[in-house]
Every structure is written in C-alpha cells, then in structure tokens.
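Here the structure is laid out as structure tokens; the discussion comes afterwards.
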Amino acid sequence: MATNSAQESATARHKTALAFVESFSTMLESDLLLVRTPSCMHTFAPRSLGPLAHTPMSNEQFTVHRSHFEGLITSFPFQVKEMIDNPSANQIMIWTTASPVWVPEVTVDVDKELDWSYTGEYMFLLTFEEGESGETGGRSFKRIERIVEFADSKGTAKLQELMEAASKNLQVIKGGKQVATK
C-alpha cells in the first residue's frame with residue numbers, strides 16, 4: 001500500500017513538473033501561477049546573476065518579473081534534458097534548455113549585426129506541497145511551494161542585452177517612429 005501511495009506521489013510530482021515547464025510556452029500569468037501554492041517562493045541562482053538572485057520572489061513579485069517579457073516574447077519554450085525525482089525530499093530537479101520566441105517586430109533593429117538567437121540552460125529545483133490542494137478541470141494535483149531556478153549567468157547576460165534591444169525597439173514602435181535600418 002505504501003508503495004502505491006509513493007508511486008502516486010511521484011506521478012503527481014512528475015505531472016506538475018511537466019505542467020510547470022509547459023507554462024513557459026504560453027507565458028500567461030494564469031498558466032505560470034496555476035501550479036504554484038499561494039505562498040510559493042521563487043529564487044534565482046547563482047548570486048552572480050546580480051540583484052535578481054538576491055531575494056526570493058512571491059507569486060506577485062514573479063508576476064511583475066514576468067511582465068517585463070510582455071510585448072517582447074510570445075513564448076519561452078523549455079526542452080527537458082533530464083528530470084530527477086527525489087521522493088524523500090518531495091522534490092524534482094529539471095535540467096532544461098530554452099530559446100525565446102520574439103515578437104517579430106521587436107527584432108527589427110538598427111544594428112543589423114545583432115544576433116537574436118539565444119538558447120539558455122536552466123535547472124529548476126521544485127519542492128512540492130504535501131498532499132494535493134491544486135484543482136483544475138475538477139481534478140486535484142500537487143502544487144509547487146518553492147522554486148530554485150539556476151540560470152546560466154553568462155547566457156543570461158546575453159538574454160538581458162537582447163531584452164534591452166527589443167524593449168528599445170518596442171518603444172520606437174509604440175512611439176510611431178520607424179526603426180532606421182542600415
């Protein structure tokens with residue numbers, strides 16, 4: 001009986017972990033928050049990422065962080081390389097890669113030399129709630145109460161550069177000005 005319960009818990013963790021990864025494909029706030037407990041905390045690491053990695057984010061703070069992508073990126077799909085379940089800690093570690101899908105208009109850039117391709121590596125340590133308190137479509141599921149996101153700090157610097165360029169281009173578009181080309 002205990003084996004059956006342990007298997008059900010592992011299956012529930014696995015399903016939620018996959019839903020977590022999939023939520024970045026839409027970048028919708030509702031999808032990103034659905035798999036989290038109301039008190040979930042999201043921490044970025046390593047500390048070399050700078051201010052982003054200094055304080056855990058509540059769901060509300062993560063929503064503000066995510067809003068910086070609006071109008072710039074339509075999707076940030078993750079490809080799972082490996083997933084490791086740790087039943088005794090009620091955790092899953094996911095190793096992934098991801099590439100942003102840019103809003104086409106924001107990549108029209110003054111600097112034609114800018115390479116908009118980017119693939120980053122990420123590891124997520126997901127700690128789950130005891131039991132299953134989440135509900136969708138009349139079915140309960142296990143939610144995440146803590147996320148530690150390890151990001152490639154060198155790659156993240158390139159992503160930040162691209163985000164700044166895209167943001168600048170978006171401001172020009174919103175201002176009704178054409179982006180000059182070389």
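Results of the side chain to side chain donor-acceptor pair (under 3.5 Å) test with D85 over H14, Q91, R13 single out R13 as the only residue that passes.
Proximity of a side-chain donor or acceptor of T97 to a complementary backbone N or O of E121 within less than 3.5 Å is not detected. Under the 3.5 Å distance criterion, the side-chain polar atoms of K158 are matched with a main-chain donor or acceptor of S117.
In terms of heavy atoms, N90 sits closest to F128 at ND2-O, 2.8 Å. T37 approaches E145 most closely through the heavy-atom pair OG1-CA, 3.5 Å. Shortest non-hydrogen contact noted between L162 and W116 is O-CZ3, 3.5 Å. P56 approaches Q61 most closely through the heavy-atom pair O-OE1, 3.6 Å. Across all non-hydrogen atoms, the minimal contact from G155 to Y118 is O-CE1, 3.0 Å. The two atoms that bring V106 and L72 nearest to each other are CG2-O, 3.7 Å, heavy atoms only.
Between the side chains of S75 and S25, not a single donor N or O lies within less than 3.5 Å of an accepting N or O.
Under the 4.5 Å side-chain heavy-atom criterion for grouping Ile, Leu, Val, Met, Phe, Trp and Tyr, W102 is not connected to L28 through any hydrophobic cluster. The hydrophobic cluster containing F44 does not contain M41, counting ILVMFWY residues as joined when their side-chain heavy atoms lie under 4.5 angstrom apart, directly or transitively. By the rule that hydrophobic residues join a cluster once side-chain heavy atoms approach within less than 4.5 Å of another member, M27 and I94 end up as members of one cluster.
With sequence neighbours excluded, the residues that form a ring-ring contact (aromatic ring centres under 6.0 Å, His included) with F62 are H42, H65. Residues satisfying the salt bridge (charged side-chain N to carboxylate O under 4.0 Å, His left out) criterion with R36, sequence neighbours excluded, are absent altogether.
Residues F76 and Y122 are in side-chain contact: their nearest non-hydrogen atoms beyond the backbone lie under 4.5 Å apart. Annotation: side chain of L114 is in contact with side chain of E161 (closest heavy-atom distance under 4.5 Å).
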Show your reasoning for whether side chain to side chain donor-acceptor pair (under 3.5 Å) applies to E164 and S167. CA-CA 5 Å; E164 287 173 16; S167 184; over 6 Å; no
